[in-house]
Trainee: 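Right, I'll just put the structure down here and ask away after.
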Amino acid sequence: MGNIVLEAKNLSKAYNHTKVVDNLDLRIEEGEIFGFLGPNGAGKTTTILMMLGLTEPTSGEVNIFGYNSTREPLKVKKITSYLPENVGFYEDLTAQENLKYITRLNGIPEREADSKIEEALEIVGLSKVARLEVGKYSKGMKQRLGMGAALVKEPKLAILDEPTTGIDPKGVEEILQLIVKMSKEQNITILLSSHLLYQVQKICTKIGIISQGRMVAQGTIKEIGENLRKGEKESGLEEKEEVLEVKANPQLTPDLIEAIRKMEGVRGVEKKTTDYSLEEIYIKYFREG
Amino acid sequence: MSSGLKVVFWKEMADYLGSRKFIILFIVILVTAVSLVYILSQSITANPTALSPDYMFLNLFTVSAGSLPSFIFFISFFGPLIGIIFGFDAINSERSKGTISTVLSQPIYRDALINGKFLAGLATIAIILISIILIILGLELGILGIVPNTEEISRMLMFFVASVIYIGFWLSLGILFSIVFRQTTTSALVAVMVWIFLAFFILMIASVIADQIVPLDQNSTLEMVAKNENIKNMIMRISPVVLFQEIIVALLNPSARAFGITSLIQATDLLPTPLPLSQSLMVIWPQFVGLIALMLICFAASYIIFMRQEIRAT
């Protein structure tokens with residue numbers, strides 16, 4: 001068990017009495033890449049805004065490294081980077097100048113700032129265009145600059161809100177690699193919000209599924225799959241023409257397989273394990289939700 | 001001054017001073033001011049008695065030559081435009097570009113953004129005004145050889161302060177609309193509408209209301225005319241344009257003692273001696289306070305609304 005980086009307790013947010021986030025509990029440990037999954041409008045961005053103190057929760061609270069997001073937003077924002085969905089930069093300034101503004105807002109001394117900016121731009125692969133106005137950047141480049149902006153303040157936690165929307169497959173791949181790099185090389189804990197399953201499945205160590213403002217499942221993909229299976233039908237037999245289907249939950253033991261093989265008239269045994277893929281988990285939750 | 005505020009202030013300053021709107025505005029004002037001075041000096045050289053001998057320098061700002069308006073009319077007319085131009089997209093453009101989330105997710109207080117923008121706007125306006133005044137001063141010295149005396153210099157300083165506050169009101173109005181309206185075009189249009197209303201239509205409305213309360217006809221006594229006029233003036237003083245015009249009249253014309261019809265009635269019994277600056281300030285003190293209050297109310301409203309808003313890019 002690592003240290004707890006982020007903890008949300010009974011977090012709720014209502015707009016005009018409509019609950020957008022409803023008693024949400026969330027816990028992220030150090031070093032994780034946490035996939036915050038949910039369809040559009042599930043309350044992901046609102047939850048994130050509450051984490052950063054950019055909007056006030058109706059009830060409940062969020063603590064990041066022990067600092068309360070609503071009461072001590074400055075301390076939270078000092079160690080947390082936020083990459084908003086559709087990140088924006090000052091288009092008439094260069095990438096380097098934009099990052100400079102961010103380092104200044106973070107109170108990073110001018111001397112250190114330049115080398116940190118250079119390093120961040122190097123990591124996201126924008127060194128060559130550092131002195132180009134951001135207005136001339138493509139969408140993918142802007143998104144990478146957003147990652148650079150998240151890196152430059154050397155945070156302990158990075159909250160990335162839909163970092164791959166509107167980006168071509170190659171760009172998506174680059175960004176996903178960057179996220180893994182951030183996590184492994186810079187030791188940054190990451191919260192990745194997304195509605196795109198395969199990306200989350202690819203890089204996240206843990207996931208939380210949010211639906212209609214509620215956290216419906218949380219854990220590793222395997223854990224969630226197992227939980228789902230517990231709720232499934234118990235073991236049973238089913239006869240289909242020449243085949244006898246034996247279903248066992250949680251699993252077929254070798255003894256059982258051996259016993260079946262020895263049975264009269266059995267010509268062969270085929271073993272199949274059904275692991276829930278994230279997609280199945282997802283569809284299952286949202287059909288029910 | 002918190003560090004976040006300082007950073008925002010300098011960034012916005014650099015933005016304003018390097019922006020295209022600043023350069024265009026500066027050129028327009030400069031060209032107009034220079035041609036005003038030029039034509040004025042032409043007509044004054046032809047007819048030197050147009051200026052009062054005591055306050056020749058101040059007179060240059062109040063005298064109008066030919067079809068051209070006077071300099072003070074020019075400021076009271078263009079001032080609102082300058083303020084609105086610098087304020088109308090302050091917050092909503094940050095929203096539409098998505099930069100507001102980037103900036104406010106950094107460790108700064110939320111009010112640093114709005115305070116920094118407002119102060120940077122005020123500073124930019126002060127720079128524009130002071131350079132225009134200095135340019136005019138230089139031209140006057142060069143062309144006409146009129147040297148301002150100390151009284152005139154202190155009056156010019158007060159005029160400068162009043163103008164900054166006046167334009168500051170329009171700046172904070174622009175910022176308020178940039179917070180309330182998500183579209184920059186909406187906030188610009190509404191701000192211009194308010195300006196046109198307060199500058200032009202308020203006079204008509206004030207007359208209509210005054211005539212309703214105290215109807216005038218051919219048999220009306222002087223008292224009733226005065227009452228009607230007073231009501232009209234009270235209503236018109238809602239408008240910062242009117243307040244500002246009264247302030248600069250008193251500042252730049254040292255013999256002004258009162259406004260409206262009272263000034264006409266009293267003037268017949270008074271010697272038209274100029275007042276010292278302190279006395280002129282006494283005359284317009286209520287207007288001055290009113291103007292400052294209007295600016296602060298506008299800014300306070302923007303502040304409160306902004307602090308309660310959710311920071312989410314649109």
Side-chain angles (χ1 to χ4, degrees), chain A residues 13 15 20 45-46 48-57 67 69 72-93 97-110 113 134-135 142-143 145-146 148-150 152-153 155 158-161, chain B residues 1-24 86 89-117 120 178-179 182 184 304-314:
Chain A
K13 175 78 184 177
Y15 294 104
V20 177
T45 302
T46 307
I48 289 172
L49 291 180
M50 287 190 280
M51 289 173 182
L52 289 155
L54 294 179
T55 186
E56 275 185 38
Y67 298 122
S69 292
E72 301 162 293
L74 257 52
K75 284 180 180 155
V76 166
K77 289 191 279 187
K78 186 116 202 154
I79 46 176
T80 309
S81 280
Y82 170 47
L83 175 64
E85 188 179 359
N86 297 321
V87 61
F89 290 100
Y90 295 99
E91 310 233 312
D92 45 348
L93 299 184
E97 287 166 338
N98 266 295
L99 293 193
K100 188 89 176 197
Y101 188 37
I102 288 172
T103 57
R104 284 192 180 139
L105 288 172
N106 277 282
I108 297 171
E110 295 285 306
V134 175
K142 274 185 200 159
Q143 202 65 33
L145 181 57
V152 78
K153 62 198 264 192
I159 297 175
L160 313 172
D161 194 1
Chain B
M1 200 152 139
S2 83
S3 64
L5 177 60
K6 234 186 266 173
V7 176
V8 174
F9 175 81
W10 287 113
K11 149 84 172 54
E12 292 298 326
M13 261 314 257
D15 271 8
Y16 281 142
L17 294 180
S19 66
R20 226 167 275 163
K21 58 189 177 190
F22 173 80
I23 294 162
I24 293 170
F86 283 120
D89 63 349
I91 299 296
N92 48 14
S93 73
E94 298 258 354
R95 265 183 210 285
S96 59
K97 283 187 293 179
T99 43
I100 196 162
S101 315
T102 314
V103 171
L104 289 180
S105 61
Q106 309 307 328
I108 59 165
Y109 288 109
R110 189 184 290 197
D111 59 354
L113 184 68
I114 181 169
N115 293 348
K117 275 178 181 278
S178 84
I179 292 168
R182 297 280 157 122
T184 50
I304 292 165
I305 297 172
F306 184 62
M307 294 303 273
R308 295 167 65 100
Q309 266 181 354
E310 187 167 84
I311 301 307
R312 195 196 284 248
T314 43

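Residue numbers start from 1 in every chain, and the chains themselves are labelled A, B, ... in the order their sequence lines are given, proteins ahead of strands.
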Trainee: Begin from the C-alpha positions of K97(B) and F89(A) and carry the test side chain to side chain contact (heavy atoms under 4.5 Å, CB included) through to its verdict.
Mentor: CA-CA 7 Å; K97(B) 283 187 293 179; F89(A) 290 100; over 6 Å; no
Trainee: Output yes when a side-chain donor or acceptor of T102(B) lies under 3.5 Å from a complementary backbone atom of G88(A), and no otherwise.
Mentor: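 Answer holds: yes.
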Trainee: Heavy atoms, side chains only, cut-off 4.5 Å: are S101(B) and V87(A) in contact?
Mentor: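 Counting from C-beta outward, S101(B) and V87(A) never come under 4.5 Å.
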Trainee: Please determine whether side chain to side chain contact (heavy atoms under 4.5 Å, CB included) holds for the pair V8(B) and R104(A), giving the CA-CA distance in whole Å, both sets of side-chain angles, and the decisive distance to 0.1 Å.
Mentor: CA-CA 9 Å; V8(B) 174; R104(A) 284 192 180 139; over 6 Å; no
Trainee: Does any non-hydrogen side-chain atom of Y90(A) lie less than 4.5 Å from one of V103(B)?
Mentor: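 Yes - at least one pair of side-chain heavy atoms lies under 4.5 Å apart.
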Trainee: Between CG of D92(A) and CG of D15(B), what distance do you get to the nearest 0.5 Å?
Mentor: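 One finds 6.0 Å between CG of D92(A) and CG of D15(B).
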Trainee: Considering residues at least two apart in sequence or located in another chain, which fulfil the salt bridge (charged side-chain N to carboxylate O under 4.0 Å, His left out) criterion with K77(A)?
Mentor: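 In terms of salt bridge (charged side-chain N to carboxylate O under 4.0 Å, His left out), with neighbours along the sequence ignored, K77(A) is linked to no residue.
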Trainee: Using a cut-off of under 4.5 Å on heavy-atom pairs, state which of E97(A), K153(A), E56(A) scores highest against chain B.
Mentor: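 The answer is K153(A).
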Trainee: Going by atom types only, do K78(A) and Q106(B) share a side-chain donor-acceptor pair under 3.5 Å?
Mentor: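 The criterion, which ignores hydrogens and geometry beyond distance, is not satisfied for Q106(B) and K78(A).
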Trainee: Name the member of T80(A), N98(A), N106(A) that forms the most heavy-atom pairs with chain B at distances under 4.5 Å.
Mentor: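 Option with the greatest count: N106(A).
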Trainee: Rounded to the nearest 0.5 Å, what separation is found between the CZ atom of R110(B) and the CG atom of L54(A)?
Mentor: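 Answer rounded to 0.5 Å: 6.5 Å.
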Trainee: Mark yes when over 12 heavy atoms from residues, nucleotides or ligands other than Y109(B) sit less than 6.0 Å from its OH; otherwise mark no.
Mentor: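 Open: at most 12 neighbouring heavy atoms sit under 6.0 Å from OH of Y109(B).
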Trainee: Sort L83(A) into side chain, backbone, both or neither according to what part of it lies under 4.5 angstrom from a heavy atom of chain B.
Mentor: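 For L83(A), neither part sits under 4.5 Å from chain B.
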Trainee: Where on S81(A) is there a heavy atom nearer than 4.5 Å to chain B: the side chain, the backbone, both, or neither?
Mentor: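 S81(A) has no heavy atom closer than 4.5 Å to chain B.
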Trainee: Kindly compute the distance separating CG (N86(A)) from OG (S96(B)), expressed to the nearest 0.5 Å.
Mentor: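 Between N86(A) CG and S96(B) OG, I get 12.0 Å after rounding to 0.5 Å.
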Trainee: Which bit of R308(B) comes within less than 4.5 Å of chain A, counting heavy atoms only: side chain, backbone, both or neither?
Mentor: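 Nothing of R308(B), per the 4.5 Å heavy-atom cut-off to chain A.
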Trainee: So for K75(A), is it side chain, backbone, both, or neither that comes closer than 4.5 Å to the heavy atoms of chain B?
Mentor: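 It is neither, since no heavy atom gets under 4.5 Å.
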Trainee: Between OG1 of T99(B) and CD of E91(A), what distance do you get to the nearest 0.5 Å?
Mentor: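 Reported to 0.5 Å precision, the distance equals 9.0 Å.
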Trainee: Under the salt bridge (charged side-chain N to carboxylate O under 4.0 Å, His left out) test, which residues partner K100(A), sequence neighbours left out?
Mentor: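 Scan of K100(A) (salt bridge (charged side-chain N to carboxylate O under 4.0 Å, His left out), adjacent residues dropped) gives E110(A), D114(A).
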Trainee: Hey, are the side chains of I108(B) and L74(A) touching, using non-hydrogen atoms and a 4.5 Å cut-off?
Mentor: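 Answer no - side chains too far apart.
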Trainee: Just checking Y67(A): does its OH atom have more than 12 heavy atoms from other residues, nucleotides or ligands closer to it than 6.0 angstrom?
Mentor: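 Counting other residues, nucleotides and ligands, OH of Y67(A) stays at 12 neighbours or fewer.
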Trainee: To the nearest 0.5 Å, tell me how far D161(A) CG sits from S105(B) OG.
Mentor: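 Output value for this atom pair is 11.5 Å.
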Trainee: Would you mind reporting whether E310(B) and K13(A) have side-chain heavy atoms less than 4.5 Å apart?
Mentor: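 In short, these two side chains touch, coming nearer than 4.5 Å.
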Trainee: Select one option (side chain, backbone, both, neither) describing which atoms of L49(A) are under 4.5 Å from chain B's heavy atoms.
Mentor: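 Just the side chain, heavy atoms under 4.5 Å.
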